[in-house]
Amino acid sequence: QVQLVESGGGLVQAGGSLRLSCAASGRTFSNYAMGWFRQAPGKEREFVAVISWSGNRQNYADSVKGRFTISRDNAKNTVYLQMNSLKPEDTAVYYCAAPSRPFTTAQAMGAYDSWGQGTQVTVSS
């Protein structure tokens with residue numbers, strides 16, 4: 001597995017922006033896609049975004065399309081999630097994750113075997 005540590009969460013007003021970071025260590029980072037998931041209180045963890053190992057392909061949940069951008073810097077072993085136009089419904093703990101197989105961009109949680117501890121994002125109305 002790869003070790004993942006998220007940072008950048010916090011409290012922001014609706015319409016504001018926040019940038020999350022996920023630092024990775026362990027197995028080879030550049031060969032793996034990286035995903036972002038989130039979990040709100042009382043709800044199941046859900047897919048947010050995924051980026052391929054090269055960064056050339058990204059996929060997003062419909063709820064965040066046009067507002068969130070996932071990116072990565074393989075030289076720094078870091079993946080980012082830029083969140084703009086934040087809404088109260090974006091409030092959740094955000095997790096980054098790495099899949100068990102390289103060269104994939106799966107969106108299902110079951111495809112991921114490494115998870116960070118999460119970072120809290122709270123959007124006030």
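A distance-only check finds a donor-acceptor pair linking the side chain of E6 to the backbone of Q117 [under 3.5 Å]. Here the side chain of T91 pairs no donor or acceptor atom with the backbone of E89 at under 3.5 angstrom. Formation of a donor-acceptor pair under 3.5 Å by the R57 side chain with backbone atoms of W53 is not found in this model. Side-chain N or O atoms of Y112 include one that pairs as donor or acceptor with a backbone N or O of A106 at under 3.5 Å. R45 contributes no side-chain N or O that, together with a main-chain N or O of Y95, makes up a donor-acceptor pair within less than 3.5 Å.
Note that CD of Q58 is 12.0 Å distant from NZ of K65, once rounded to the nearest 0.5 Å. The distance from the CE atom of M34 to the CG atom of N74 is 10.0 Å, given to the nearest 0.5 Å. We find the CG-OG1 distance between N59 and T105 to be 5.5 Å, quoted to the nearest 0.5 Å. Interatomic distance, CG of L4 versus OG of S114, reported as 6.0 Å (0.5 Å rounding). Atoms CG and OG, from N31 and S54 in turn, are 11.0 Å apart once rounded to the nearest 0.5 Å.
Taking both residues in full, the closest heavy atoms of S25 and V2 are given as O-CG2, 2.7 Å, listed atom of the first, atom of the second, then distance. Across all non-hydrogen atoms, the minimal contact from F37 to F47 is CD2-CA, 3.4 Å. The minimum heavy-atom distance between S21 and T78, with the atom names listed, is CB-CG2, 4.4 Å. The two residues V48 and V64 have their closest heavy-atom pair at O-CG2, 3.7 Å.
Put simply, the side chain of I70 reaches to within 4.5 Å of the side chain of Y60, judged on heavy atoms. You'll find the side chain of T119 stays beyond 4.5 Å of the side chain of V93, heavy atoms only. Between R72 and N77 the shortest side-chain heavy-atom distance does not fall below 4.5 Å. In this structure, the side chains of L18 and V121 come closer than 4.5 Å at one or more pairs of heavy atoms.
The side-chain contact (heavy atoms from CB on, under 4.5 Å) search around A92 returns R38, A40, Y94, not counting sequence neighbours.
Hydrophobic clustering (ILVMFWY, side-chain heavy atoms < 4.5 Å, transitive): L20 and W115 are in distinct clusters. Cluster membership check: W36 does not share its hydrophobic cluster with M109, using side-chain heavy-atom separations under 4.5 Å among Ile, Leu, Val, Met, Phe, Trp and Tyr. Under a hydrophobic-cluster definition in which Ile, Leu, Val, Met, Phe, Trp and Tyr are linked whenever side-chain heavy atoms come within less than 4.5 Å, directly or via other members, F68 and V50 are assigned to different clusters.
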Distance-only donor-acceptor hits, side chain of residues 80-88, under 3.5 Å, sequence neighbours excluded:
from, atom 1, to, atom 2, distance (Å)
Q82, NE2, N84, OD1, 3.0
N84, OD1, S17, OG, 2.8

